[in-house]
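For reference, the structure is listed below as structure tokens.
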There are 2 protein chains.
Amino acid sequence: MDRSKNQLRQHMQKAGHSLTKPRLAVFAALQDQEPQTMRRLIAACPSIDRASIYRTIALFEKLGIVQRLQIGWKYKLELTDSFSRHHHHLTCLKCGRVIAFDESTELIKELRWVAAHNRFKIRSHQLEIQGLCESCRKD
Amino acid sequence: MDRSKNQLRQHMQKAGHSLTKPRLAVFAALQDQEPQTMRRLIAACPSIDRASIYRTIALFEKLGIVQRLQIGWKYKLELTDSFSRHHHHLTCLKCGRVIAFDESTELIKELRWVAAHNRFKIRSHQLEIQGLCESCRKD
DNA sequence: CATAAATTGCGACAAATTTGCAATTAATAG
DNA sequence: CTATTAATTGCAAATTTGTCGCAATTTATG
């Protein structure tokens, strides 16, 4: 908990930004629930202005601390692999439940091949599977 | 071109909807550029009301004709595999260029394994790789 | 062609996101 | 520790994006 806070401070300072109270609050809310919606983020930081939260998210994104995911209809936010364990998502189209899963080495090989073939330098990747979860299938 | 239009008409009629002029225009704009933004979609159909475009996209999504992707900061829209060749994306974080690529059978195997393991029934999936394209790497 | 149902455009709303700027806070030199 | 400077915040207003109700229009059908 304090470890990741220090990591965050270090990461930001290296980029020339300070770890302020609002930024720390947003970070904590992202750790608290993953993936996170903007709405919940705002609700989770009642003493912080909406505009600051948007600005913080934009900064975190630029610094590679946060990434957006398209989950179902709306986007959600989540810490990147440097600040959270790397994983992907299964999303239930019916109930909206989100299940995280790890990727295989096979997948990584595939990504590397694709990137090399397109002369791309990989920074990150996301995989999302949409479908019906166990309980929603029974309909 | 007319083939896909007929396919669309058939698909919609089966679901009890008609292929009207606004819907056809939205479909054409989606074929024209992929992935497509809402803003461009609205601009591409100047004679059609914004609300109708939103309603059309919502309907297309429900009928499995269109899907949303999170590419970069904003979401984008694209025809699903039934109406466009199945593929994934490489997105350049610097210039925003989007390159499509095909998936391997290895990836599909992986997805099936993950789904089975979580008792999920797969409906669709998306993979996005973010990084730097060939020309943007040179910095 | 007549009728019923589906769909559209329009205008008003509501929600989400962005911006300018004055006030506050953080980093740093002295 | 205090003064100074630069970064950051809160606030209010503006913009953009997405939604809704409803009358007018279009489409499907008998």
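The model shown is predicted, which means the values in this text are computed figures rather than measured ones. Throughout, protein chains are lettered first and strands after them, A, B, ... in sequence-line order, and every chain is numbered starting at 1.
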(request) Flag yes if more than 12 heavy atoms outside A/Gln10 fall under 6.0 Å of its CD atom; otherwise flag no. (result)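 Open.
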(request) Check for a donor-acceptor pair, side chain of A/His11 on one end and backbone N or O of A/Leu63 on the other, with a separation under 3.5 Å. (result)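 Yes; judged by distance alone, with no hydrogens or angles, the pair exists.
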(message) So does B/Trp73 get a backbone contact from the side chain of B/Gln70, meaning a donor-acceptor N/O pair under 3.5 Å?
(response)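 Checked: pair present.
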Nearest-Å distance for atom pair [atom1]/[atom2], residues [X] and [N]:
X	N	atom1	atom2	answer
A/Ile48	C/dT25	CD1	P	13 Å
A/Ile53	C/dA16	CD1	C1'	13 Å
B/Met12	C/dA6	CE	P	13 Å
A/Arg23	C/dT24	CZ	C1'	14 Å

(request) Please determine if a side-chain N or O atom of B/His17 lies less than 4.0 Å away from the OP1 or OP2 oxygen of C/dT7. (result)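 Affirmative; the distance criterion is met.
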(message) Checking A/Thr80 against A/Gln67: is there a side-chain donor and acceptor pair closer than 3.5 Å?
(response)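 No, no side-chain donor-acceptor contact under 3.5 Å.
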(request) Check every strand shown and say whether A/Ser47 touches a base, only sugar-phosphate, or nothing at a heavy-atom separation below 4.0 Å. (result)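 Sugar-phosphate only.
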(message) Run the side chain to side chain contact (heavy atoms under 4.5 Å, CB included) test on A/Glu34 and A/His87 for me, step by step, so that the C-alpha distance in whole Å, both residues' side-chain angles and the decisive distance to 0.1 Å come before the verdict.
(response) CA-CA 11 Å; A/Glu34 231 185 25; A/His87 63 273; 3.7 Å; yes
(message) How would you summarise protein contacts on nucleotides 17-30 of chain D per nucleotide, using B for base, S for sugar-phosphate only and - for none, with heavy-atom distances below 4.0 Å?
(response) BBBBB-----SS--
